[in-house]
Amino acid sequence: MTNPDQPQAQDSKGGAARTLFFLLLGPIAWAAHHIVMYASHTLICSLGLLGNSFLTLDPMRAVAVAATASAVALSAAPLAAPGMLSRMLGMQPGADWRFYRNTAALLAVLSMFGIALNGAMAFIIPACLSLR
Amino acid sequence: MNDTATYVLPNPDPRPPGEVEELRRLWSTPKGFRILTVVNNTVIGLFYIGIAFLFFLLAGVLALLMRTQLAVGDNDFISQDFYNQIFTVHGTTMMFLFAVPAVEALGVMLLPQMLAARDLPFPRLSAYAIWAYVVGGLVFFSTVFYDLAPRGGWFMYPPLTSTRFSPGDDADFWLLGIGFIEISAIAGAVEIVVGTLRTRPPGMSLSKMPIFAWSMLIFAGMIIFAFPAVILATMLLEIERSFDWPFFIAERGGDPLLWQHLFWFFGHPEVYIIFLPAAGLVSMIVPTMAQTPLVGYRLIVVALIGTGFFSFGLWVHHMFTTGIPALSLTFFSAASMAVAIPSGIQVFSWIGTIAASRGRFRITTPSLFVLGFLFIFTLGGLTGVMVAMVPFDTQVHDTYFVVAHFHYVLVGGMVFPLFATFYYWMPMVSRNMLSERLGRWVFWLMFVGFNVAFLPMHLTGLLGMPRRVWTYSSAMGWDTLNLVSTIGAFILAAGVLVFVVDLVLRFRPSQKGPRNPWNAGTLEWIETDVYSTRSIPQVNSREPLWDQPNLADEVERGHHYLPNAPTGRRETIVTSAVDARPEYVIQMVGNAWAPFVAAVFTAAFFLLLTVKLVVLALICAVIAVAALFAWAWDLDPGPGAPVDIGGGIKLPVYVTGPASHSWWAMAVLMFVAGSLFVSFVFSYLYLWIVSPEVWAPLAEPIPSWEWPAVSAVLFAAAAGCFFIGWRTLTHPKSRNALTPILIIAGAVCAGGAVSVDLVGQWQAGLRPSSSSYAAMVYMSGILTGQLVFAVVLMSAFALARHFTGRLDAVRRVTFDNTALLLFYSAGQGLLGLLLVHGFPRLIA
């Protein structure tokens, strides 16, 4: 169904869902991290799971470390190993591969910034402190 | 620069006579009162934007009334009660009836032209959306004329909006009216998502898509995930008001803050839902005025996607003073600051494009509005970073500082780009362009008026003036600043008035306006008619009109794809979502009364429910469903011979399964339903966190495990019936006797599954008005039940198709869509059972 005379892009054959997932992995990791942090904090404070010491690794900080490390690792994939990720997703990159790779990488950088900023808050603000 | 020497035209020979006349006949716009039957996004889009602008003017008049009242202290120009009504209707109208519909209208109007599609894939859905919006919107707005308008602010916080404090019908008008209009917005979003991904011209891969199309794609995606939260919120509050189910009543385990969570999970992305398309418009105008490609195309795509995601992580920044623990606030504060980065990327990209033009940037009326937008929006963004900081926000919360901030963001971020759009794209819909001379008056009056009106409000707020007050004491020292703001508001209104005059003098609807007067590079400037472009171009770059100078002429002469109507119906090419390779030709439906009738009676159903005329409402619902059936009857024309679109490409004219556009639309709809269900799960868990003391099994009864087990088996049986039914469709043009039996059995099982669960709860002694827990349990059944109700209706439709010989192994779209929705409903039903029966046992 193609016209060989037309200068068409090579089909990436990855399908829309795979390409979108590849592009959006960084933001998806950021969203997951945001949800985990907020939900964990709510649960920890509501159920009274917080330890007393401000200096030791309390449950909130443990969650923050684990969630932030996982989310950064996940969102780094399009940046660090785009080729491997695309192969894992079954994509066969075509003429627009550079566009998708760079866009995904930039989104990953943006997301990692958001994740790091969010995660850092757990080490700056005491958990369960109410402002009023 | 390319020219025709570097590529082969798909249809190089002269076209036979009569093709254009045939296209005009097929795509003709009905005259007189039959214009109500029009099904063509280009025409519908014009109505849509016109009505949205009407609501802008009406809400603007309310703003002037408010500013007149506030011009001096101790004023009694209007009563306190009326003031409460008009500030509620002003905000609601601007957000729900103007801003979102306006950008959606621009989407359905401009996208077919930018994508050189004959039309987007579901034009009847657009027609339904606009008429529903027109009727619902006008009825809602008219409540302000007979003292029935809501008084709770555009955010409608309970307990102020509960029956205890708002006992009349006024809050119901908001809840049912706006909830219904949100459904209309979702219908538009389905059209835009599938249209943007599947009706691009051959060669226009995602990397070559116009930025406006990217922004509309993200806009529609955000609607799909954000609007269900507020739809759920409106459902909960309306059910609480009507049946006393205590979702927000603290004495029985509810929590008013749940409303705020759900509302702002929609409300904050809503700001970006409005802003992103406007930014997309600016990204189209700036390169044209600069006569240079957009600097940082990829960065802008990143910024649009990043903003779309981050905007969902900000909702609590509207709730900084509600007592949420500090650490949680900082998560949202951090996200609020992070979202400034992608917004900043766009601003720098536009400035970079202007700089890259090396002085060629033309100062026209659209350019002035773009520059005004940059100035105003940047200031709004800066104050946005200020209110993203918890300590500062705590000080200015609910003051006029916030009013100033969000008007800078919304008017700067959306209204100014919209006016730029009016001046820039007017030649596409009018014989005349608007006046450059009057346009400059419009701009300067609006720009000066806006800043005179809203800049002083920062100070008024810092001086302590609260929002939403009817009047204030002159002793507070706020008189001068308020008077200045009022003068500014009237200057701003004068600018809008001059625009209306310009519109009356110059706007003459026609698709024969000046051809590409700005020398733009994108496809919407190819000459169009009611059928869009004469042929559908092969696209090789982001600015095809700049890179292929002969393209417009080639397209007009029919040398590109699909220059005719080979099936004798309305058609366009469906391409693959990523690389835009031609896949099939979609046969589209023509003008019809059904979308109009369905929309009017759907609106009537909701509005009659508001005033508790239940029987009449149900009659209207039946008529609406009948109209929907009539509408859908000819949507599935069945297969035909493949057609030659040119360039040696023969495409099928009928496709089913995951490649078809209807499958995609159903998938999008399932995302909407999924988002609604996730919002419900959040609400359930939130209320448990707030009031565990009302939860089963200690405080409320819970049915024995047999009830959910039977319900689960029935859900599985329903899915099984449709799965086997799928396999009974084995031969073209032949009917299997088992197919209707399985369809009926599947629908009955699904209905039975929901009923068994609810009966089990009732038998156990659980009453929905007894506690927030009980209300949420029954709500789970309602959410799945409404999906199952849709499955039952669709099953009846599929049966009718079967018995009339319109359902077989090939012509099976009706069955596929019903099965998809049933599978989803069964999955949601099972998760719902797990939640309402498993979670209480888990925590016990």
Side-chain angles (χ1 to χ4, degrees), chain A residues 1-20 23-24 26-28 30-31 34-35 37-39 41-43 45-47 60 94-96 98-100 102-104 106-107 109-111 113-114 117-122 124-132, chain B residues 2 6-8 10 197 202-203 205-208 298-299 301-303 305-306 308-310 312-313 316 320-321 323-335 337-339 341-342 345 390 394 538 540 576-583 646-651 664 685-686 689-690 692:
Chain A
M1 289 194 292
T2 58
N3 178 358
D5 294 323
Q6 296 292 344
Q8 293 181 353
Q10 216 183 345
D11 197 337
S12 60
K13 294 190 192 324
R18 290 170 194 183
T19 306
L20 285 177
L23 281 176
L24 301 180
I28 289 169
W30 169 84
H34 196 71
I35 291 167
M37 293 290 281
Y38 179 47
H41 180 233
T42 304
L43 275 177
C45 294
S46 303
L47 302 179
M60 189 59 232
D96 288 334
R98 199 160 156 254
F99 171 80
Y100 299 124
N102 292 349
T103 303
L106 287 166
L107 279 167
V109 171
L110 196 59
S111 303
F113 172 74
L117 196 60
N118 219 335
M121 294 301 164
I124 298 170
I125 307 290
C128 308
L129 170 73
S130 179
L131 294 178
R132 62 177 192 179
Chain B
N2 296 332
T6 62
Y7 58 90
V8 176
L197 288 175
S205 61
L206 289 178
S207 67
K208 298 186 187 75
R298 189 186 301 128
L299 280 170
V301 172
V302 167
I305 297 173
F309 266 83
F310 283 171
F312 281 91
V316 169
F320 279 166
T321 59
I324 292 172
L327 181 55
S328 280
L329 299 185
T330 60
F331 297 149
F332 294 90
S333 181
M337 291 180 205
V339 81
I341 295 173
I345 287 173
V390 179
T394 306
Q538 168 73 36
N540 303 318
S576 62
V578 177
D579 295 325
R581 296 164 70 86
E583 290 191 333
I649 300 175
K650 279 199 164 190
L651 295 180
W664 279 58
L685 296 174
Y686 177 83
I689 288 278
V690 172

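Labels below follow one simple rule: chain letters A, B, ... track the order of the sequence lines, proteins then strands, and each chain is numbered from 1.
- Counting heavy-atom pairs closer than 4.5 Å to chain A, the top-ranked of the candidates B:Val301, B:Leu685, B:Ile305 is B:Ile305.
- Contact check for A:Arg18 versus B:Val578: no side-chain heavy atoms found under the 4.5 Å cut-off.
- No part of B:Val690 comes within reach of chain A, as not one of its non-hydrogen atoms sits under 4.5 angstrom from that chain.
- A 4.5 Å side-chain heavy-atom check between B:Val316 and B:Ser328 finds every atom pair outside the cut-off.
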Could you go through B:Val302 and A:Asn102, starting from their C-alpha distance and side-chain angles, then the distance that decides it, and tell me whether this counts as side chain to side chain contact (heavy atoms under 4.5 Å, CB included)?
CA-CA 9 Å; B:Val302 167; A:Asn102 292 349; over 6 Å; no
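- Residue contact with chain A, scored on non-hydrogen atoms closer than 4.5 Å, involves the backbone and the side chain of B:Phe310 alike.
- Proximity of A:Leu24 to B:Phe309: side-chain heavy atoms (C-beta onward) are separated by under 4.5 Å at one or more points.
- Using a 4.5 Å cut-off between heavy atoms, A:Thr103 contacts chain B through both its backbone and its side chain.
- Using a 4.5 Å cut-off between heavy atoms, A:Tyr38 contacts chain B through both its backbone and its side chain.
- Counting heavy-atom pairs closer than 4.5 Å to chain B, the top residue among A:Ile35, A:Leu23, A:Leu117, A:Leu47 is A:Leu117.
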Verdict with supporting geometry, B:Ser333 and B:Leu329, side chain to side chain contact (heavy atoms under 4.5 Å, CB included):
CA-CA 6 Å; B:Ser333 181; B:Leu329 299 185; 5.9 Å; no
